[in-house]
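We're numbering straight along the sequence, starting at 1. In what follows, every heavy atom counts, from backbone to side chain, and hydrogens, waters and symmetry copies are set aside.
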Amino acid sequence: VAYLVVFHILFVLFVWTYWKSVFTLPIQPGKKFHMSYADQERYENEERPEVQRQILAEIARKLPVYTRTGNGGIRFCDRCQLIKPDRCHHCSVCAMCVLKMDHHCPWVNNCIGFSNYKFFLLFLAYSLLYCLYIAATVFKYFIKYWTVTRHSPEPWRSPDPACGELTNGRSKFHILFLLFVAIMFFVSLMFLFGYHCWLVSRNRSTL
């Protein structure tokens with residue numbers, strides 16, 4: 001009973017954080033970062049790049065923008081017509097600029113950024129615990145499988161169900177498959193979660 005309680009608690013937390021990561025919409029920069037109609041006309045009608053950079057610098061003078069492009073210019077999105085705040089990037093999949101964008105995750109089909117990065121980290125943490133718990137609870141049956149197969153004095157005799165042994169080859173295959181899949185996902189998630197924890201500790205993002 002205790003195993004089932006812990007299992008379902010981890011399962012509910014896993015599903016909840018996955019749901020929040022998927023359905024929490026990315027946040028765009030505020031209206032103050034969008035160019036006015038007059039500024040757009042002035043910027044688009046100007047053909048000289050150096051004058052365009054001066055127009056952007058003039059508009060961004062009152063904005064909390066510190067990151068610059070490689071040539072020292074203001075980061076500007078031609079598609080969204082806005083001045084990009086720090087750590088803001090345009091997502092080609094979502095077709096929008098995402099505030100504090102980390103990456104576009106295909107596993108949740110959503111942009112991971114300011115609005116849902118916390119849920120994404122929790123999703124990785126609970127997934128890690130979920131896989132670890134499954135591997136730990138299945139491991140003893142994996143040991144029984146090898147004990148019965150390799151060291152049984154009478155391999156032709158079926159194990160006694162009352163002793164908790166595995167009774168047929170199909171159940172043994174299920175145990176093997178579940179254990180190796182859980183370990184495989186655990187190792188993969190461990191590296192991914194560790195990498196994002198390192199990013200958080202350094203106040204950095206993937207992009």
> Calculate, to the nearest 0.5 Å, the distance between atoms CZ and CD1 belonging to Phe139 and Ile183 respectively.
7.5 Å

> With hydrophobic residues grouped by side-chain heavy-atom distances under 4.5 Å, do Phe119 and Phe11 end up in a single group?
no

> Over all heavy atoms of both residues, which pair between Cys131 and Leu189 is shortest? Give the atoms and the distance, please.
SG-CD1, 4.2 Å

> Heavy-atom count check: over 12 atoms from other residues, nucleotides or ligands less than 6.0 Å from Glu47 CD?
no

> Can you tell me how far the CD atom of Gln81 sits from the CD atom of Gln40, to the nearest 0.5 Å?
4.5 Å

> So which heavy atom on Met190 is nearest to which on Leu128, and how close?
N-CD1, 3.4 Å

> Under the side chain to side chain contact (heavy atoms under 4.5 Å, CB included) test, which residues partner Lys140, sequence neighbours left out?
Tyr3

> Report yes if the side chains of Ser127 and Phe185 come closer than 4.5 Å at any heavy-atom pair, otherwise no.
no

> Side chains of Cys91 and Met101, heavy atoms from C-beta outward: is any pair under 4.5 Å?
yes

> Please say yes or no: joined through hydrophobic side-chain contacts below 4.5 Å, possibly via intermediate residues, are Ile143 and Tyr133 part of one cluster?
yes

> Using 30° and 60° as the class limits, which term best fits the ring planes of Phe123 and Tyr18: parallel, tilted or perpendicular?
tilted

> Indicate if Val65 and Leu207 have the same hydrophobic cluster label, given that clusters are the connected sets of ILVMFWY residues with side-chain heavy-atom separations under 4.5 angstrom.
no

> Who pairs with Phe193 by ring-ring contact (aromatic ring centres under 6.0 Å, His included), at least two apart in sequence or on another chain?
none

> Could you grab the distance from atom CD of Gln28 to atom OG of Ser115, nearest 0.5 Å is fine?
11.0 Å

> Answer whether the closest heavy-atom distance between the side chains of Leu63 and Ile83 falls below 4.5 Å.
yes

> Where is the tightest heavy-atom contact between Ser21 and Val108, given as atom of each residue plus distance?
CB-CG1, 4.1 Å

> Would you compute the distance between atom SG of Cys97 and atom CG of Leu82 and round it to the nearest 0.5 angstrom?
4.5 Å

> For residues Cys77 and Cys80, report the shortest heavy-atom separation together with the two atoms involved.
SG-N, 3.3 Å

> Of the non-hydrogen atoms in Val98 and Pro26, which two are nearest, and what is the gap between them?
CG1-CB, 3.9 Å

> With rounding to the nearest 0.5 angstrom, report the CG to CG distance, Leu25 to Asn110.
7.0 Å

> Could you go through the side-chain contact (heavy atoms from CB on, under 4.5 Å) check for Ser92 and Arg79 one step at a time?
CA-CA 10 Å; Ser92 58; Arg79 298 178 182 178; 4.3 Å; yes

> Given side-chain contact (heavy atoms from CB on, under 4.5 Å), test Ile74 with Arg53 step by step and report yes or no.
CA-CA 7 Å; Ile74 299 297; Arg53 287 196 294 268; over 6 Å; no

> Does some side-chain heavy atom of Arg75 sit less than 4.5 Å from a side-chain heavy atom of His89?
yes

> Has the side chain of Asn116 got a donor or acceptor atom that lies under 3.5 Å from a matching backbone atom of Cys111?
yes

> Quick check for you: to the nearest 0.5 Å, what is the distance between Ser188 atom OG and Leu124 atom CG?
11.5 Å

> With sequence neighbours left out, write down each residue that passes side chain to side chain donor-acceptor pair (under 3.5 Å) with Glu58, or none if nothing qualifies.
none

> Any donor and acceptor pair, going by atom type alone, linking the side chain of Ser201 with main-chain N or O of Trp198 inside 3.5 Å?
yes

> Among residues at least two apart in sequence or on other chains, which ones pass side chain to side chain donor-acceptor pair (under 3.5 Å) with Glu41?
Tyr37

> Test question: given the 4.5 Å side-chain rule for I, L, V, M, F, W and Y, name all other residues clustered with Leu99, or answer none.
Ile27, Phe114

> Gln52: which residues meet the side chain to side chain contact (heavy atoms under 4.5 Å, CB included) condition with it, sequence neighbours left out?
Tyr43, Glu46

> Does His103 have any side chain to side chain contact (heavy atoms under 4.5 Å, CB included) partners at least two apart in sequence or in another chain, and if so, which?
Cys105, Ile112, Phe120, His196, Thr206

> With sequence neighbours left out, write down each residue that passes salt bridge (Lys or Arg N to Asp or Glu O under 4.0 Å) with Glu44, or none if nothing qualifies.
none

> Would a single hydrophobic cluster contain both Phe191 and Phe180, if residues Ile, Leu, Val, Met, Phe, Trp and Tyr are joined by side-chain heavy-atom contacts under 4.5 Å?
yes

> Group every Ile, Leu, Val, Met, Phe, Trp and Tyr by side-chain heavy-atom contacts under 4.5 Å, then state whether Leu129 and Leu179 land in the same group.
yes

> Do the ring planes of Trp19 and Phe23 sit parallel (below 30°), tilted (30 to 60°) or perpendicular (above 60°)?
tilted

> Look only at the side chain of Thr137 and the backbone of Ile134, and say whether a donor-acceptor pair between them is shorter than 3.5 Å.
yes

> Not counting sequence neighbours, which residues clear side chain to side chain contact (heavy atoms under 4.5 Å, CB included) with Leu13? List them please.
Ile9, Tyr126

> If only atom types and distance count, is the side chain of Asn203 paired as donor or acceptor with the main-chain N or O of Val200 below 3.5 Å?
no

> How would you list all residue pairs meeting side chain to side chain donor-acceptor pair (under 3.5 Å) that involve residues 63-73, not counting sequence neighbours?
Thr67-Asp86, Thr69-Asn71

> Taking ILVMFWY side chains as joined if any heavy atoms are under 4.5 angstrom apart, and letting links pass through other members, which residues group with Trp107?
none

> Between Cys88 and Lys100, is there a side-chain heavy-atom distance shorter than 4.5 Å?
no

> Of all residues at least two apart in sequence or in a different chain, which pass the ring-ring contact (aromatic ring centres under 6.0 Å, His included) check with Phe7?
Tyr130

